[in-house]
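This is a predicted model, so every value here is computed, not measured. Throughout, residue positions are numbered sequentially from 1 according to the sequence presented.
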Amino acid sequence: MRPRATAAALLLILTPVPAHAAAPGPGVSAEPGRAPAGTSLRVRGSAWTPGSTVQAEVCGANAVHGSADCDTPRAVTAMVAPAGTFEAGLTVGAPPASCPCVVRVTTFPGTAGPPATATAPLTLPGHPTGPVRKDVAPVRVDIVSAELTGGGRGEMFGGRPRRTLVLRVRNAGTQPITDAPLVVGWGAGTTPDSPLAAPGTGTIQPGRTATYRIPVELPRAASGRFVVGGRFAGTVPFTTSFSTYPWGLLGANALAALLLLLGVRLSLGRRAARRRRPPPPRRDWTNSSNTSAARATTATNCGRSWKAAGRGRWTWRHWTAT
C-alpha cells in the first residue's frame, strides 16, 4: 500500500496546474456605428471596474492625442454597475480633429480601480477625413480675428441666409505649421454642431498670418441667433455669431392680415349701413279722390293713340290735345 500512496503523491505533485486565462480588458461599443453630428447614439461597456465613473466622448484622429482630439463639451459620464457594465446616451458632435473617428471611454482619475481606456469605431458623415499624425507637436497660434461677412435681401423673404467666415490665424511659434486640421461648424444657440466644409490650411511660416474663408449656408427661412466656430490645430478654439430674421416675410404677412381685416371691416360697415337706411315711402292710392278718374283717362288716351296710329286718322298731337 505504501508504494501506491507514494506514486499517487508523486503524480499529484508532478501534474501541471493550468494557469487561469487573463481577464479581458474593458470593452465598449457604440450603436449605431454611423451617426452624423447632432444625432444620438448608445454607448455600452463591459468588464469595467464596478463602482467606477467613466466618461464617453466622440474623438477624431483615433484619439491618439487624448482629449485634444475629442469633443469634450458633449462628453457624458456614467457609473459602472456591480456587473462591470454601463450604458449611456451620447450626442454626437464635431470633434476638433479629422476622422477616422471613435467613441472614447476613459475612467475618471481617483475613481475605483486602475485607469482604463477603450474605443469603438464611429463613422461621422460630413466630417473631414485626414491622416493620423501621432508625432504632431502642440502648435502656438493666435486667432487674430473671426468675423462673418455677407448677407442679402433674399433672406429677408425666407431665402437661405449666407455668410462667409473670415478666419485669420497667426503663427506665434518658431516652427512652420503645416497642414494643421481646421474644424468649423455652425449651430443654433451656443454650440456649432453642424459641420462645414473647411479648406486646407497649408503652411504658415513663423510670425506670418494666414486667412481662410469658409462659406456658411443655413436652411431656408432660418431665423434667430446662430453661432459659427471650431478649432484650429485641434486645440485653439474660435467662435463668432450672427442673427438673421425674415423681416420682409413677416412684414408681408402682417400687411396681408391688415388688408384682410380692413376688407372685413368695410363689408360689415356696408351691411350695417343698409340695415340703418329707412325704407322708401309708399304711395297711398286709396286716399286720392281723383285716382280712378286719372287711371280711366290715361287708359282711354292710350287706346285712342294706338287706334289712331293704326288707321292713320289720329296723330300724337290730337291725342295730346284730347
- Query: Can you name the nearest heavy-atom pair linking G84 to P50, along with the distance?
  - Reply: N-CG, 4.3 Å

- Minimum-distance pair of heavy atoms, taken over all atoms of A56 and V43: CB-CG1, 4.3 Å

- Nearest heavy atoms of R163 and L148, plus distance in Å: CB-CD2, 4.2 Å

- Test item: D71 side-chain N/O and A75 main-chain N/O as donor-acceptor pair under 3.5 Å: no

- Task: Please examine the side chains of T240 and F242, heavy atoms only from C-beta on, and report whether any two atoms are closer than 4.5 Å.
- Result: no

- Query: Out of curiosity, does V228 fall in the hydrophobic cluster containing Y212 (side-chain heavy atoms, cut-off under 4.5 Å, transitive links)?
  - Reply: yes

- Task: Show the numbers, then the answer: is there a side chain to side chain contact (heavy atoms under 4.5 Å, CB included) between S98 and T129?
- Result: CA-CA 5 Å; S98 57; T129 302; 5.7 Å; no

- Item | Distance-only side-chain donor-acceptor flag, R44 / T85, under 3.5 Å | no

- Task: Treat each ILVMFWY residue as a node, draw an edge where side-chain heavy atoms are under 4.5 Å apart, and state whether V183 and V141 are in one component.
- Result: no

- F232 reachable from V184 in the ILVMFWY side-chain graph, under 4.5 Å edges: yes

- Ignoring hydrogens and angles, tell me if any N or O in the side chain of H127 forms a donor-acceptor pair with the backbone of G93 under 3.5 Å. no

- When hydrophobic residues are tied together by side-chain contacts of less than 4.5 Å, even through go-betweens, does W186 share a cluster with L167? yes

- If you look at every heavy atom in P219 and P161, which pair is closest and at what distance? O-CD, 3.3 Å

- Ignoring hydrogens and angles, tell me if any N or O in the side chain of T106 forms a donor-acceptor pair with the backbone of T117 under 3.5 Å. no

- Below 4.5 Å, heavy atoms only, C-beta onward: do M79 and V54 meet side chain to side chain? no

- Message: Looking at V144, is its backbone amide N or carbonyl O close enough to the side chain of D142 to form a donor-acceptor pair, meaning the two atoms are under 3.5 Å apart?
- Response: no

- Message: Between N171 (side chain only) and I204 (backbone N and O only), is there a donor and an acceptor less than 3.5 Å apart?
- Response: yes

- Task: List the steps and the verdict of side chain to side chain contact (heavy atoms under 4.5 Å, CB included) for V105 and F86.
- Result: CA-CA 11 Å; V105 179; F86 72 88; 3.7 Å; yes

- Enclosure of R160 CZ (heavy-atom neighbours >12, cutoff 6.0 Å): yes

- Item | Working for side chain to side chain contact (heavy atoms under 4.5 Å, CB included), residues L122 and V58 | CA-CA 8 Å; L122 176 66; V58 176; 3.9 Å; yes

- Task: For residues I143 and V236, determine if any side-chain heavy atom of one lies less than 4.5 Å from a side-chain heavy atom of the other.
- Result: yes

- Could you tell me whether E155 and R162 have a side-chain N and a carboxylate O separated by less than 4.0 Å? no

- Answer with yes or no whether the hydrophobic clustering places L165 together with V227; edges join I, L, V, M, F, W, Y residues whose side-chain heavy atoms lie under 4.5 Å apart. no

- Query: Does W48 use its side chain to pair, donor to acceptor, with the backbone of G27 at less than 3.5 Å?
  - Reply: yes

- Contacts satisfying side chain to side chain donor-acceptor pair (under 3.5 Å) that involve residues 257-272 (not counting sequence neighbours) are none

- Basic-acidic side-chain contact under 4.0 Å: E31, R42: no

- Taking the SG atom of each, are C101 and C59 under 2.5 Å apart? no

- Show your reasoning for whether side chain to side chain contact (heavy atoms under 4.5 Å, CB included) applies to T107 and T49. CA-CA 9 Å; T107 54; T49 302; over 6 Å; no

